[in-house]
> 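Below you will find the structure I want to go over with you.
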Amino acid sequence: MGVTQRIMKFFDDRFDTETIKRFIDKQAHKRLPPHTSWLHVFGSLSLLLFLIQVTTGILLLIYYRPTPAEAHKSIQYITAKVNFGWLYRQIHAWGATFMIAALLLHMLRTYFYGAYKKPRELTWMTGVLIFILTVSFGFTGYLLPWNQIAFWATTVGTESAAKVPFIGEWLRYFLRGGETVTGETLSRFFVVHVIILPWLVTGLIAVHLVLMRMKNLATLDPVDQERDIPPERGIPFFPVHVAKEAVVAILLLAVLVTVSVLWPWAIGEPADPLSTPAHIKPEWYFLPSYQLLKYFEGPYGAIVGIFACTVPFVLLLFWPLLDRGKERHPRKRPWAVSFGLIGLLSALFLGVLGHYSESNVNVFGQRYHIDLLGWPHAIVEGQDAEDQGGH
Ligand code: HEM
């Protein structure tokens, strides 16, 4: 008996390896619906990015120190001294942005193909929870380098929590671990970022994947009329779909390393609680909420603002229970498709306004100052831009 057979026999005598083999075989040869395309790769891409985040995160943890005195210095040390530290720090920072982008594309795909409808409501709902937790990863991780931008962005971000009705003050205190952002906040964000969120997301991804596999991918047939996929028309998961996923995964890795090398994230100046930088903006995925909150001032306005920022996420979470239509094909769901497009364009529009607010832009040779609320004001030669901002 050869070595391989002896090893196999060792396991055969101790496990029911046949059942495991049959299970893997069944999963690998599953037939996916005929419309399964390149648009169906964003789920596995999100999974790959999560695994990259976990791996680079563990590497970062070896030298990172979560205290105000050491955090910034430890990141400098990782970047300058540790073998390939600069690379895995950059991949971790860019990976966060890529993962959120992959999740958004995956959500758009499942939304427009009506894949959230019965019997996949729970697959969608676990997905929305994963998305909210992934954004929380971004928020808590941003503070960890303890630089000026991170410190002040967290101060502004946690300040918005105070606007929540009834429990706002308590919530801000709870998030910060005190009245202001201090080492206490850093400890809290660290624990949430490296322990609580990773385990929660791992558990939710496991549930999500089991649910997805149990119900297979959605066809384009209406709810309760899904037909079995005929073997000759179905797309084999292995090797056809897996090959597509592998191509996209390799491209992703190439792009991730390229942007990490060409556009490294700065470490910035160490946090200084006594000096506020001029313009503090959050990461791109918070820009729509950041901009929306600006339109609601005063005690009642603030409550409406928080409401306006929360409702879209509640709608998203319960969407499969609200949209009771039976059709899945995008062409047969004009209302749901229009609603999705309006939501998407509004978020994009608010995001762009948030990005350009309080800055000067050049449009066809004319310079404009974009004020806090996103209104453009033409800049007249020789006059100071801020003077013309109006507000
Ligand atoms: C790290 C997070 C996630 C991972 C690893 C993941 C993984 C996957 C994978 C591999 C599939 C198979 C088909 C495909 O890729 O399109 C899938 C299906 C699905 N996912 Fe996700 N997903 C994640 C997050 C989300 C989010 C944020 C949503 C929506 C809010 C979502 C909703 C769905 C739905 C409804 C399906 C069923 C699609 C169908 O039957 O055609 N997932 N997911």
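Every number for a ligand or one of its atoms is a count from 1 in the order of the listing. Both backbone and side-chain heavy atoms feed into the values below; hydrogens, waters and symmetry mates do not.
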> Which ligand 1 atoms are under 4.0 Å away from a heavy-atom of A115?
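Those of ligand 1 that fall under 4.0 Å from A115 are 35 (C), 38 (C), 39 (C), 40 (O), 41 (O).
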> Please state which part of L47 comes within less than 4.0 Å of ligand 1, counting heavy atoms only: side chain, backbone, both or neither.
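For L47, the contact with ligand 1 is made by both the backbone and the side chain.
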> Any atoms of ligand 1 less than 4.0 Å from a non-hydrogen atom of V128? List them with their elements.
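Those atoms are 30 (C).
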> Counting the benzene-type ring for Trp, do H193 and F137 have ring centres under 6.0 Å apart?
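Between F137 and H193, which both carry aromatic rings, the centre distance is below 6.0 Å.
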> Can you report which non-hydrogen protein atom sits closest to atom 3 (C) of ligand 1, along with the distance?
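Closest protein heavy atom to atom 3 (C) of ligand 1: L103 CD2, 3.9 Å.
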> Answer yes if the ring centres of W94 and W265 are under 6.0 angstrom apart, and no otherwise.
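Close enough - the centres of the two rings lie under 6.0 Å apart.
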> Return the orientation label for the Y63 and Y77 ring planes: parallel under 30°, perpendicular over 60°, tilted otherwise.
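Tilted: the ring planes of Y63 and Y77 meet at 30° to 60°.
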> Pull out every atom of ligand 1 sitting under 4.0 Å from any heavy atom of S44, numbered as shown with elements.
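The atoms of ligand 1 under 4.0 Å from a heavy atom of S44 are 10 (C), 15 (O).
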> Considering heavy atoms of the protein only, find what lies nearest to atom 13 (C) of ligand 1 and give residue, atom and distance to 0.1 Å.
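Residue, atom and distance for the closest contact: L217 CD2, 3.5 Å.
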> Of all heavy-atom pairs between S136 and I132, which one has the smallest distance, and what is that distance?
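Answer, listing the atom of S136 first, then I132: OG-O, 2.8 Å.
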> Which residue supplies the protein heavy atom nearest to atom 1 (C) of ligand 1, what is that atom called, and how far is it?
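That would be I205 CD1, 3.6 Å.
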> If you have a sec, work out which protein heavy atom is nearest atom 29 (C) of ligand 1 and how many Å separate them, to one decimal?
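Minimum-distance protein heavy atom for atom 29 (C) of ligand 1 reads M107 CG, 3.3 Å.
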> Indicate yes or no: does R120 engage E226 in a salt bridge with an N to O separation below 4.0 Å.
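Between E226 and R120 there is a salt bridge, with a charged N closer than 4.0 Å to a carboxylate O.
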> Find out whether L372 and K294 are in side-chain contact, i.e. whether some heavy atom of one side chain is under 4.5 Å from a heavy atom of the other.
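Contact flag for L372/K294 side chains = yes.
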> At less than 4.0 angstrom from any non-hydrogen atom of R109, what atoms of ligand 1 do you find?
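Here the atoms of ligand 1 in question are 13 (C), 14 (C), 16 (O), 38 (C), 39 (C), 41 (O).
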> Between W152 and Q148, does any side-chain donor sit less than 3.5 Å from a side-chain acceptor?
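Looking only at side-chain atoms, Q148 and W152 do form a donor-acceptor pair, the distance falling under 3.5 Å.
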> Just by modelled atom types, is the L171 backbone N or O under 3.5 Å from a matching donor or acceptor in the R176 side chain?
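No; zero donor-acceptor contacts below 3.5 Å.
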> Measure the acute angle between the ring planes of H208 and H106, then classify it against the limits of 30° and 60° as parallel, tilted or perpendicular.
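The arrangement is perpendicular - the two ring planes meet at more than 60°.
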> With 2.8 Å as the limit, count the protein N, O or S atoms near atom 21 (Fe) of ligand 1.
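My tally for this metal is 2.
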> Is there a donor-acceptor pair under 3.5 Å between the side chain of N216 and the backbone N or O of R31?
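A pair under 3.5 Å: yes.
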> How does R120 reach ligand 1, by side chain, by backbone, by both or by neither, if only non-hydrogen atoms under 4.0 Å count?
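R120 to ligand 1: side-chain contact only, backbone stays beyond 4.0 Å.
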> Tell me, which protein residue and heavy-atom name are nearest atom 14 (C) of ligand 1, and how many Å apart are they?
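Minimum-distance protein heavy atom for atom 14 (C) of ligand 1 reads H40 O, 3.3 Å.
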> Touching ligand 1 at all, F50? Heavy atoms, strictly under 4.0 Å?
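No, F50 has no heavy atom closer than 4.0 Å to ligand 1.
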> Give the C-alpha distance, both sets of side-chain angles, the deciding distance and a yes or no for ring-ring contact (aromatic ring centres under 6.0 Å, His included) between W170 and F174.
CA-CA 6 Å; W170 174 85; F174 175 75; 5.2 Å; yes
> Any idea which protein heavy atom is nearest atom 40 (O) of ligand 1, and the distance to it?
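For atom 40 (O) of ligand 1, the nearest protein heavy atom is A218 N, 2.8 Å.
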> Look at the rings of H40 and H35 and say which category their plane angle falls in: under 30° parallel, 30 to 60° tilted, over 60° perpendicular.
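Rings of H40 and H35: perpendicular, over 60°.
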